[in-house]
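Here's the structure, in structure tokens; my notes come after.
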Protein chains: 2
Amino acid sequence: MVAERRPRKDATRNRAAVLTAADALFAQCQSPEDVTMADIAAAAGVGKGTLFRAFGDRTGLIRTLYEARLEPIRNAVEEGPPPLGPAAPPIQRVPALLDAVLCFKLDNRHLALALEGAGSDSPYRTEHYERWHTLLRDLLNLIPGLIESDFTAHALLAATRADLVEYLADEKRVPREEMREQLANFTATILGTSARRGVAAED
Amino acid sequence: MVAERRPRKDATRNRAAVLTAADALFAQCQSPEDVTMADIAAAAGVGKGTLFRAFGDRTGLIRTLYEARLEPIRNAVEEGPPPLGPAAPPIQRVPALLDAVLCFKLDNRHLALALEGAGSDSPYRTEHYERWHTLLRDLLNLIPGLIESDFTAHALLAATRADLVEYLADEKRVPREEMREQLANFTATILGTSARRGVAAED
DNA sequence: CGTCGAAGCGGACCACCGGTCCGTATCGTA
DNA sequence: TACGATACGGACCGGTGGTCCGCTTCGACG
């Protein structure tokens with residue numbers, strides 16, 4: 001009945017400090033695992049208790065960070081201009097969407113890695129995966145000639161898994177643009193817009 | 001110079017006991033994380049030290065188990081009859097291979113999950129992933145009209161990731177046969193052997 | 001079969017991590 | 001200024017992977 005009580009000033013300040021510190025730490029370290037909660041608390045200049053009260057647990061913190069970073073893209077997808085936005089025809093929007101996801105994972109490897117490899121929780125049982133998947137599936141459904149959009153959507157998203165992206169970028173030294181093009185071609189093949197075989201696909 | 005000294009009898013016996021016990025425990029429990037090393041040692045009737053001397057660390061144990069289970073399939077692929085074996089034409093062998101991988105992951109969810117989600121170590125920097133990937137890539141290269149076999153091979157394998165498979169099977173209740181067919185159709189689309197669009201693809 | 005060095009054993013022990021708890025400090029309001 | 005509610009922080013806890021070392025067992029050799 002009563003309105004939500006506004007949080008205290010120091011609480012919000014600390015919350016922001018923690019997010020900033022955590023972001024920096026994750027960006028610096030190789031493996032997300034060697035950033036401990038204590039490290040983050042120390043870097044933010046707060047106690048560990050504060051950390052857990054603000055975000056619940058480790059996963060909560062990481063997810064908050066992740067979704068903050070994701071928000072611009074989410075906006076661009078939900079209400080931005082084509083080819084990402086809703087006005088774009090599916091045949092263009094699907095590749096644009098996957099490209100956006102890929103770029104996001106490239107730019108935020110550490111976070112994505114931390115979230116997807118967060119031990120116990122499957123990356124699939126998260127709200128934002130559900131969102132991406134549903135959107136993608138619905139778009140695929142609008143493209144004539146495609147079947148099993150549900151599984152296809154999963155498979156396409158699987159091609160942008162954070163650890164795969166990290167492996168290709170860091171270990172195999174695949175340049176960013178090359179990777180984007182490979183994913184684009186892969187997507188095109190599935191959508192039937194591929195130029196392979198040298199026949200059809202034009203005019 | 002000297003030949004490798006053969007391990008003592010009790011050592012090999014214990015090693016086997018540990019593998020058996022670990023296999024059983026992983027099969028029983030939901031999440032691989034709630035099988036601890038101490039649990040395994042206790043179930044096998046040995047001390048924890050034995051466990052670590054035999055396998056190095058947790059990942060080593062799991063990998064040993066995993067590869068033991070994988071061996072039949074590996075054999076079938078390397079020297080078995082078509083469509084899995086080397087005699088099969090690539091256009092048939094690729095789908096057969098992916099189907100085999102999928103079935104393996106379905107049958108050994110717990111192990112695959114334990115290995116792929118083994119925290120620090122990327123599932124991509126393992127020897128057996130390299131094997132699967134190389135084989136698949138080379139096969140794709142033999143199929144005319146396909147480009148970027150390297151990335152495509154990664155993407156196809158990503159569609160059989162253990163956590164995705166587990167999610168679809170356990171959470172979404174997708175029946176085994178349905179999943180196999182979905183993957184088969186997905187593969188067919190990429191290989192250009194798909195029947196979608198109702199045109200071509202026959203005769 | 002008895003001896004004896006070495007390989008193997010086991011479980012107490014360690015470092016460390018995520019997460020909790022509660023006495024204390026701070027905020028915001030009257 | 002006074003005071004209740006809110007938030008703070010770091011000592012503390014349970015539990016995990018991994019180590020260590022005194023003791024046991026193996027098996028080769030005489």
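Sequence lines set the chain letters: A, B, ... in the order given, protein chains first and strands last, and positions in each chain run from 1.
Computed from coordinates, the A:D39 CG to C:dC17 P distance equals 7 Å when rounded to whole Å. Atom-to-atom, CD of B:E33 to P of C:dC17 comes out at 17 Å; the value is rounded to the nearest Å. The distance between atom CZ of B:R6 and atom C1' of C:dG8, rounded to the nearest whole Å, is 15 Å.
Surrounding CD of B:E181 are at most 12 heavy atoms belonging to other residues, nucleotides or ligands under 6.0 Å away.
Each of B:L98, B:L84, B:L135 was scored for a side chain to side chain contact (heavy atoms under 4.5 Å, CB included) with B:R93, with one residue passing: B:L135.
With B:N108 contributing its side chain and B:F104 its backbone, the two residues share a donor-acceptor pair below 3.5 Å.
Donor-acceptor pairing under 3.5 Å is recorded for the side chains of B:N141 and B:S149. With hydrogens and angles left out, the side-chain atoms of A:D39 and A:T36 include a donor and acceptor closer than 3.5 Å.
Taking a 4.0 Å limit (strictly below) on heavy-atom distances, residues 8-19 of chain B reaches DNA chain D at B:R8, B:K9, B:D10.
Taking a cutoff of 4.0 Å between a charged side-chain nitrogen and a carboxylate oxygen, B:R63 and B:E67 do not qualify as a salt bridge.
Between A:H154 and B:F186, the gap from one ring centroid to the other reaches at least 6.0 Å. A distance of 6.0 Å or more separates the ring centres of A:H133 and A:Y124.
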Between protein and nucleotides 18-21 of chain D, what N or O pairs are separated by less than 3.5 Å?
residue	atom	partner	partner atom	Å
D:dG18	OP2	B:R58	N	2.9
D:dG18	N7	B:K48	NZ	3.0
D:dG18	O6	B:K48	NZ	2.3

